[in-house]
Visitor: 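Sharing a structure, written as structure tokens. Questions coming.
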Protein chains: 2
Amino acid sequence: MLKRERHDFIMRQINLHNRVLTSDLVQLLNVSEDTIRRDLQELVDEGLLFKVHGGALSKSYHSSFDDSTVYARDSKIIIAKKATNLIKDGMVVLIGGGTTILEFVKQLPQGISATFFTISPLVAVELAKYNNVEVILIGGLFSKNSQVTYGGHVISQLSEIKADLCLMGTSALHPEGGLTDTDWEINQLKKAMLACSKKSAVLCISEKLDITLRLKVCPIESISYLVTELDNKHESLADYQSKEVNIL
Amino acid sequence: MLKRERHDFIMRQINLHNRVLTSDLVQLLNVSEDTIRRDLQELVDEGLLFKVHGGALSKSYHSSFDDSTVYARDSKIIIAKKATNLIKDGMVVLIGGGTTILEFVKQLPQGISATFFTISPLVAVELAKYNNVEVILIGGLFSKNSQVTYGGHVISQLSEIKADLCLMGTSALHPEGGLTDTDWEINQLKKAMLACSKKSAVLCISEKLDITLRLKVCPIESISYLVTELDNKHESLADYQSKEVNIL
DNA sequence: CACAAAAACGCAAAAACACGCAAAATTTAA
DNA sequence: TTAAATTTTGCGTGTTTTTGCGTTTTTGTG
């Protein structure tokens with residue numbers, strides 16, 4: 001087996017399991033420990049993974065471990081500030097959950113006057129700090145992972161709402177793949193949210209661009225506004241340009 | 001499991017529950033106590049947590065510990081600990097909002113297994129930290145003052161629930177006046193909550209005893225359990241004794 | 001004060017690692 | 001095609017890291 005093939009194999013394992021053990025690789029690839037160690041070191045040098053005693057971890061795993069809140073916080077604030085321009089007085093806004101959305105809410109101007117429907121308790125609490133904002137929390141089963149309400153009850157209530165704008169965070173975005181997700185319930189939720197809103201805005205830090213996950217929410221064209229921390233002329237956004245999508 | 005992964009796991013637990021027990025980690029991670037202690041020590045060296053006898057606390061939790069913005073926090077913890085005994089495995093519990101209730105949720109034992117309906121987003125978030133707890137958030141208009149959902153939509157959903165126990169905080173309690181309140185919406189809410197529960201428990205710090213407010217929720221006899229920070233033989237509780245009310 | 005639980009300390013075994021070196025494999029060049 | 005150059009690989013050796021165990025010390029509790 002060629003060195004390149006081994007490297008590919010290791011990266012597949014990393015992407016699949018977020019980690020590899022040196023000992024496992026020795027058995028699977030039938031080479032000596034030293035070879036594996038050298039392979040891992042080379043992949044580290046290329047910045048593709050993170051080495052620890054006993055094996056290696058995926059780079060993303062590492063970054064999310066270290067301190068996720070501080071990690072991408074600056075980017076999220078930039079995104080949030082851009083996105084606040086989308087909210088006009090008197091609007092009815094449907095808003096999701098997640099750290100980016102929460103940061104967005106914190107960046108809203110004090111005097112804002114609008115009606116917000118949300119599935120996120122934390123977002124509701126934060127929105128309640130604005131005097132002229134009406135907050136309606138959509139109730140249902142509460143998800144431990146994503147910290148939002150979900151399930152049939154939520155979907156059914158969403159179907160009764162007609163919002164001017166839907167604001168949501170992203171798991172992954174891809175020029176062809178569109179908006180995708182890994183969790184079935186969240187996927188259903190996002191679909192329902194998009195369905196009841198005239199326009200939609202997606203807040204997305206650049207590192208979640210060009211990734212496709214298993215479950216599709218909608219194609220790129222269904223998104224009205226894409227907000228990233230990058231300049232809207234940035235090359236990595238070129239593929240997302242279309243007459244439907246407005247890049248902020 | 002890799003050391004790095006253990007550290008990650010521990011930090012996740014810390015961020016989730018604000019504390020970890022060494023003994024719990026030993027079981028969960030299936031390693032010796034010494035290893036856990038060393039892990040904790042290393043995380044302390046990195047300034048990620050705060051070590052105490054029996055486990056460790058979150059750094060932020062510790063700093064927010066002494067700035068007791070929560071009024072009468074000590075009393076509320078005592079009340080909360082007493083009240084946890086009311087929750088049995090498999091129960092369906094309807095739970096309100098407020099600082100006392102929030103403290104109660106934080107004091108619940110780790111392994112608790114029950115279903116909670118709540119009108120408080122903050123309580124929902126806190127409850128979601130327990131693995132075997134199912135949380136249903138009752139949605140509706142969100143009140144800026146009391147940080148709970150309220151209004152017709154909430155009342156109507158409450159009417160569809162049948163809970164084993166209803167847990168709520170108090171504005172005021174009086175031997176003759178019963179449970180009273182100042183806010184019309186909250187009053188309606190509490191009535192509805194009591195109506196759909198077999199039993200009810202009221203958490204009440206002693207300084208809210210012997211007070212009557214404008215709007216009546218229910219008479220003392222409608223309350224199954226009264227939980228205060230005082231000893232249940234304390235003289236100021238004498239007037240609340242009745243065959244219906246159980247004083248903890 | 002006594003008792004049990006938790007922590008600290010030193011120690012030793014096992015596992016993982018780093019480094020140099022030489023054999024083997026691969027590539028390059030004549 | 002062959003020989004030289006280069007890369008890759010495996011092995012031996014010594015070092016470091018990690019972990020669990022026994023013992024002693026500290027801590028919390030009644």
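Naming: A, B, ... by sequence-line order, numbering from 1 per chain. Note that the structure is a prediction, hence the values are computed from the model and not measured. Side chains included, hydrogens not; waters and symmetry mates left out as well; all remaining heavy atoms used.
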Visitor: In whole angstroms, how far is the P atom of D:dC11 from the CD1 atom of A:I36?
Guide: 14 Å

Visitor: Report the distance from atom NZ of A:K51 to atom P of D:dT16, rounded to the nearest whole Å.
Guide: 16 Å

Visitor: Which part of the nucleic acid, if any, lies within contact of B:S23, taking any heavy atom under 4.0 Å across all strands shown: a base, the sugar-phosphate backbone alone, or nothing?
Guide: nothing

Visitor: Between B:S200 and B:S197, do the side chains contain a donor N or O and an acceptor N or O under 3.5 Å apart?
Guide: no

Visitor: Take the protein atom CG of B:L2 and the nucleotide atom P of D:dT18, then report the distance between them rounded to whole Å.
Guide: 10 Å

Visitor: How long is the line joining CZ of B:R38 and C1' of D:dC21, in whole Å?
Guide: 10 Å

Visitor: Using a distance-only criterion (donor-acceptor N/O pair, under 3.5 Å, no hydrogens), is the base of D:dC21 paired with the side chain of B:D34?
Guide: yes

Visitor: Rounded to whole Å, how long is the line connecting atom CD of B:E33 with atom P of D:dG20?
Guide: 11 Å

Visitor: Closer than 4.0 Å, any side-chain N/O of B:S32 to the OP1 or OP2 of D:dC21?
Guide: no

Visitor: When you compare the side chains of A:S120 and A:Q147, does any donor N or O come within less than 3.5 Å of an acceptor on the partner?
Guide: no

Visitor: Nearest whole Å is fine: how far is D:dT18 C1' from A:L21 CG?
Guide: 15 Å

Visitor: Please classify the nucleic acid contact of B:V26 as base, sugar-phosphate, or nothing, using heavy-atom distances under 4.0 Å.
Guide: nothing

Visitor: Tell me whether the side-chain N/O atoms of A:R4 come closer than 4.0 Å to OP1 or OP2 in D:dT8.
Guide: no

Visitor: Would you say C:dA15 has OP1 or OP2 under 4.0 Å from some side-chain N or O of A:R37?
Guide: no

Visitor: To the nearest 0.5 Å, tell me how far A:L127 CG sits from B:K144 NZ.
Guide: 8.0 Å

Visitor: How long is the line joining NZ of A:K3 and P of C:dA25, in whole Å?
Guide: 17 Å

Visitor: Identify, between B:D39 and A:T35, the residue whose nearest nucleotide on DNA chain D lies closer to the 5' end.
Guide: A:T35

